[in-house]
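Remarks on the structure that follows.
The chains referred to below are lettered A, B, ... by the order of the sequence lines, with proteins before strands, and numbering in each begins at 1. Everything numeric in this text was worked out from a predicted model, so none of it was measured.
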There are 2 protein chains.
Amino acid sequence: MSPTRIPEATVARLPVYLRALNSLLEGDTRTCSSEELATAAGVNSAKLRKDLSHLGSYGTRGVGYDVEYLRYQIAREIGLTQDWPVVIVGIGNLGHALANYSGFTSRGFRTVALLDADSARQGELVAGLKIRPFTELSAIVREHGVAIGVIATPAAAAQSVCDHMVDAGIRSILNFAPSVLTVPAGVDVRMVDLSSELQILAYHEQRKSAPATPDPLDPGVVA
Amino acid sequence: MSPTRIPEATVARLPVYLRALNSLLEGDTRTCSSEELATAAGVNSAKLRKDLSHLGSYGTRGVGYDVEYLRYQIAREIGLTQDWPVVIVGIGNLGHALANYSGFTSRGFRTVALLDADSARQGELVAGLKIRPFTELSAIVREHGVAIGVIATPAAAAQSVCDHMVDAGIRSILNFAPSVLTVPAGVDVRMVDLSSELQILAYHEQRKSAPATPDPLDPGVVA
DNA sequence: CTCAGTTTGTTCCCACGTTCACAAACTCTT
DNA sequence: AAGAGTTTGTGAACGTGGGAACAAACTGAG
């Protein structure tokens with residue numbers, strides 16, 4: 001039973017728990033304690049228990065959790081027990097990698113079309129799918145009932161692609177372009193910025209090695 | 001100028017501000033208010049001002065911020081005014097895309113080597129670099145002073161690659177493999193899981209459209 | 001100089017998330 | 001059946017982050 005809304009921080013960790021459970025199942029583990037699962041997921045056991053308690057009472061005191069059963073419950077909560085058709089727009093290096101990424105298809109997501117505005121690329125076969133012109137977007141969305149779109153275009157094209165996606169009826173967008181997207185209410189956007197993550201690492205790395213902050217006026221490399 | 005530690009949430013947004021400032025500079029904007037910059041970065045203006053106040057007082061009341069000056073200060077704070085040599089391990093589809101990703105090189109990060117354990121791929125030219133055997137890792141780290149490593153291998157290999165990186169002296173790791181990495185204290189790991197993001201979108205999407213699962217206790221969409 | 005207008009930096013308060021600690025509930029042994 | 005040993009689920013304390021609101025500080029006009 002899920003009487004209240006699940007906290008956002010918890011939702012973000014559910015996929016991690018799911019991965020950990022899958023990995024336990026591969027090792028033929030039938031039952032696990034919150035401590036074991038927490039270790040496998042890389043979190044605190046108290047946090048794990050509180051997270052799971054938001055979904056319901058799926059464990060047994062004194063015993064632990066049934067791995068298979070818990071996995072199903074989490075998958076159902078996320079919505080992975082149903083089929084999610086996905087379109088990917090922008091088949092450059094990254095789009096190419098995403099189309100071939102097994103982590104998508106293995107978790108209920110099904111890439112139904114690859115779109116690119118560049119007419120030179122169209123017809124090319126990537127991951128078993130032909131690249132189709134971007135103009136076919138809305139027809140494809142209608143035909144397959146696509147609700148989720150992935151943007152892997154250059155930053156300059158991202159907002160325009162996003163607008164077309166929204167017009168076509170897509171309500172959830174995963175954006176890999178380094179560009180802020182503005183969308184109407186009711187549409188969800190999640191942003192993955194590869195270089196941001198590196199910059200955050202660089203910040204901490206700098207703090208590790210350099211105790212004092214000198215202020216040389218050298219502009220250095222800024223771009 | 002920065003007496004106290006900068007909050008983690010703020011650090012995570014600094015790259016976003018940097019992007020917004022770059023974009024403003026391209027439009028020949030010399031000065032901007034917190035309101036303008038916040039809009040460009042997709043955040044609340046109060047949050048932006050509080051974030052920037054953690055770095056120091058770089059604005060002028062009644063006027064706003066000097067775009068060029070603020071950009072330099074943020075870049076310096078993150079550490080982008082220095083050079084960051086990076087190695088990428090695992091040159092599959094994703095590693096290939098990362099090697100070609102312009103967002104890395106344009107921000108002070110310099111890919112010095114591409115490594116792969118598969119001997120069939122070695123010598124292959126990707127993004128102007130020859131793929132080298134993984135065994136050369138520690139020599140390369142020593143030679144170039146590499147502090148940051150990127151893992152783009154399959155999940156099964158990730159922990160082993162991580163261990164070798166730590167042994168070689170790398171202290172910051174960006175992990176794209178869907179696998180929890182355990183590292184000694186003092187080593188930072190950031191994880192980017194492409195399929196997790198999709199799963200989070202699916203959760204919200206499910207909540208938007210489908211009110212009825214086996215237990216219909218949820219009032220439905222509140223957006 | 002003074003006053004009106006603007007925008008930053010900061011304070012206060014609330015909501016959310018994390019962690020500790022413990023009662024409740026289960027298993028197993030005797 | 002009872003007690004010892006486990007482990008979950010949760011209440012309470014604590015810390016972090018977000019947003020409104022305002023004082024401080026600047027510009028520019030008269």
Minimum side-chain heavy-atom gap B/S172-B/V187 below 4.5 Å
no
Using a 4.0 Å heavy-atom cut-off, does A/E35 contact any base of the nucleic acid, only the sugar-phosphate backbone, or nothing at all?
nothing
So, OP1 or OP2 of D/dG18: does either fall under 4.0 Å of a side-chain N or O from B/R13?
yes
Could you check how far NZ of B/K47 sits from P of D/dG17, rounded to whole Å?
11 Å
Under 4.0 Å between a Lys/Arg side-chain N and an Asp/Glu carboxylate O for A/D83 and A/R110?
yes
Minimum-distance nucleotide to B/S57 side chain [options: C/dG9, D/dA20, D/dG9]:
C/dG9
D/dG9, OP1 or OP2 - any side-chain N/O from A/Y65 closer than 4.0 Å?
yes
For A/R13, what residues pass the salt bridge (charged side-chain N to carboxylate O under 4.0 Å, His left out) criterion, not counting sequence neighbours?
A/D51
Tell me which nucleotide among C/dC20, D/dT7, C/dT18 gets nearest to the side chain of A/A9.
C/dT18
Given atom CG of B/D51 and atom P of D/dG19, what is their separation to the nearest angstrom?
10 Å
SB check B/R49 B/E35 (cutoff 4.0 Å)
no
Can you measure A/D66 atom CG to D/dT8 atom P for me and round it to whole angstrom units?
13 Å
Could you give the OH-to-P distance, from B/Y17 to C/dT8, as a whole number of Å?
13 Å
Is any side-chain heavy atom of B/R30 closer than 4.5 Å to a side-chain heavy atom of B/E68?
no
Test for a donor-acceptor pair under 3.5 Å between the base of C/dT10 and the side chain of B/K50, counting only N and O atoms.
no
Want to settle it: does B/T60 or A/G59 sit nearer the 5' end of DNA chain D, counting the closest nucleotide to each?
A/G59
Would the base of D/dG9 count as contacting A/R49 through its side chain, where contact means a donor and an acceptor less than 3.5 Å apart?
yes
Just N and O in the side chain of B/S34: are any of them under 4.0 Å from OP1 or OP2 of C/dT8?
yes
Candidate nucleotides D/dA25, C/dG17, C/dA23, ranked by approach to the side chain of A/R61 - the nearest
C/dA23
D/dT8 C1' sits how many Å from A/H54 NE2, rounded?
15 Å
